[in-house]
Structure formats: structure tokens, C-alpha cells
Amino acid sequence: MTIKIPNVILNDGYPLPAIGLGTYQVRGGMGVQQILQAIRDGYRSIDTATNYDNEGAVGEAIRLSGIPRSQFIVTSKLPGKYHQYDEATKAISESIYRLGVGYLDLYLIHWPLPKRDHYVEAFQAMIAAKKRGLIRSIGVSNFEPEHLDRLIKETGVTPAVNQLEIHPYWVQQRMLEEDQKRGIVTEAWSPLGRGSAALFEPVIQELAKKYDKNVGQIILRWHVQRGIVPIPKSTNLNHQRANLDIFDFKLTPAEINEINGLSKQDGRIDGQDPNVYEEFE
């Protein structure tokens with residue numbers, strides 16, 4: 001039996017499932033099978049990116065599933081090397097061709113790259129593509145408040161989503177509140193901390209015992225109750241299934257605050273500060 005996943009509603013009126021499937025480093029024939037199994041278990045929101053080199057595998061899994069394309073929310077992301085308007089326009093079409101899905105449900109600027117300073121024209125290209133029906137919802141990833149405000153001021157369009165690194169060691173309460181102030185839904189990449197020691201924190205282990213859940217389910221529930229859409233990646237079929245099974249229990253506000261208390265000043269997985277980070281090509 002597949003689990004019914006609730007939706008959140010974006011600022012443009014489109015629905016987004018409250019949890020999605022991350023596909024970073026999931027590639028090739030094995031990747032197709034892993035994504036296909038996740039679809040069979042109930043995932044309908046699938047997150048990829050040009051830089052993941054797996055848009056073809058994602059599209060193939062969707063086709064092999066036999067489920068109508070209209071039931072999926074497919075997200076991809078624009079890499080920094082294509083931020084100029086004309087390059088972004090071509091990159092959007094190429095992502096759609098590779099995926100074979102006809103249009104993108106959600107398209108994000110992967111990193112702001114403020115040193116290069118082309119993210120506004122990239123967003124303008126995305127706005128134009130949305131008007132042409134190539135993209136339904138447009139958003140960003142790893143954007144800070146000043147980047148968001150500049151986009152809104154210069155284009156008149158507020159991103160629907162801001163996808164950020166969020167996990168128990170990097171709680172991002174400030175950014176969550178900044179997104180909420182602007183009516184932007186926050187998604188979490190690496191929501192479990194990419195196998196970090198957070199999974200072994202006593203507070204999380206105790207909660208897992210209390211609710212008869214695994215530690216990953218506790219962390220994902222913590223995200224959902226904070227108003228965040230987590231995008232966990234797992235190639236383990238049991239973990240994929242378990243990650244969906246988070247909608248039948250509720251943490252208390254005190255328990256959420258306890259997990260918030262695990263945040264560290266240097267909690268980022270790879271120290272990727274969006275103000276200075278130069279995205280891999």
C-alpha cells in the first residue's frame with residue numbers, strides 16, 4: 001500500500017508534495033531502478049539537477065512507471081555556467097529534452113553565485129520560459145535574503161521555493177523565517193545531514209524509541225512540522241519507504257526545540273556559504 005502524501009501550496013497556487021525524492025549521485029541503469037522503486041512506493045515529487053548528470057535516468061524511471069506524467073512534480077536546476085539569459089533559455093529546453101517530460105513542474109537556480117552576478121537575468125529567462133509553458137513554478141536554491149530581495153525588486157516575481165541545506169546541525173531558523181516572510185516555501189536538501197553524527201544524537205534516538213520510528217523518520221517529521229519540505233535521497237529501498245512514513249505521528253513543540261538545539265555554528269556539511277561559494281561546473 002502506498003502512503004498518501006499531503007501537499008503544500010506554493011505562492012503561485014500549484015501544489016507541491018510535502019516530501020520529495022532527492023537523486024544526487026543516483027545515475028545510470030541502477031539509478032533508474034532505484035528511482036522507479038521509489039515511484040512505486042509513492043514518491044511523486046522527484047528532484048534532479050543538470051549538475052547531477054541524471055536527468056535522463058529520472059525521465060526513464062517516470063516513463064517505465066506507467067503512471068501519467070501529470071501526476072509527477074519534476075524539479076530540475078540551472079547550473080552557474082548557464083546563468084546568462086540566452087544560455088539559461090537553452091539550458092531549460094535541454095533539461096526538458098533530457099527528461100522527456102514535456103515541461104518542468106519546478107525549476108530552480110542552483111546557486112546564486114553573487115561574484116558572477118548573473119542570477120537576475122537567469123531568473124528573467126525562467127520567467128519567460130514559464131510564460132511559454134515550459135515551466136510551471138520557478139524558484140531558487142541556496143539564496144540569501146539579499147539575493148531574494150534583489151530578484152523580487154528587479155523582476156516583480158517572488159520565487160515559489162528556496163531549497164536550502166537544512167538538517168539538525170544546520171537548522172537555518174533565520175532563513176526559514178526570511179522565506180516565510182516573503183511567502184516562499186522552504187525545501188531542505190541533505191535533510192538528514194548526509195549520514196552525519198546527527199543520526200546518533202541521544203535526543204533523536206530517544207524520540208525514535210518514544211514514537212516507535214527510526215531516527216531518519218524523526219528528523220524528517222521535524223522538518224515537516226517546521227513547515228519545510230524535505231528532499232531526502234536514499235538508494236536503500238527500505239529507507240525510501242520509511243522516509244515516506246512520517247505522517248502518522250507528531251512531535252511536541254518542546255521536542256522540535258530540542259532538535260533545534262543541536263544546530264552548530266559550523267554545521268554545514270561542506271562549508272558551502274552561498275555568498276562566496278563557486279559552484280562546481
Can you name the one residue among Lys250, Lys210, Arg226 that meets salt bridge (Lys or Arg N to Asp or Glu O under 4.0 Å) with Glu255? Lys210
Between Thr186 and Asp179, a side-chain donor and acceptor under 3.5 Å: yes
Counting only heavy atoms not in [X], do more than 12 fall under 6.0 Å of its [atom1]?
X      : atom1 : answer
Asp212 : CG    : no
Tyr169 : OH    : yes
Phe249 : CZ    : yes
Gln71  : CD    : yes

Check the pair Glu144, Arg174 against salt bridge (Lys or Arg N to Asp or Glu O under 4.0 Å), reporting the backbone distance first and the verdict last. CA-CA 10 Å; Glu144 294 283 305; Arg174 175 187 70 96; 2.9 Å; yes
Heavy-atom check, side chain of His147 versus side chain of Pro114, under 4.5 Å: yes
If we only count heavy atoms from C-beta on, is the His83 to Leu113 side-chain gap below 4.5 Å? yes
Would Arg98 and Asp53 satisfy salt bridge (Lys or Arg N to Asp or Glu O under 4.0 Å), going step by step from the backbone distance to the final call? CA-CA 10 Å; Arg98 282 190 293 269; Asp53 291 328; over 6 Å; no
Under 4.0 Å between a Lys/Arg side-chain N and an Asp/Glu carboxylate O for Arg182 and Glu178? yes
Salt bridge Asp47-Lys233, side-chain N to carboxylate O under 4.0 Å: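 Lys233 and Asp47: not salt-bridged.
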Within 45° cone of Tyr211 ring axis and under 6.0 Å: Arg221 NZ or CZ: no
Is Arg132 positioned over the aromatic face of Tyr103, cation under 6.0 angstrom from the ring centre and no more than 45 degrees off axis? no
Hey, what do you get for CG (Asn243) to CD1 (Ile231), rounding to the nearest 0.5 Å?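 Separation between the atoms: 11.5 Å.
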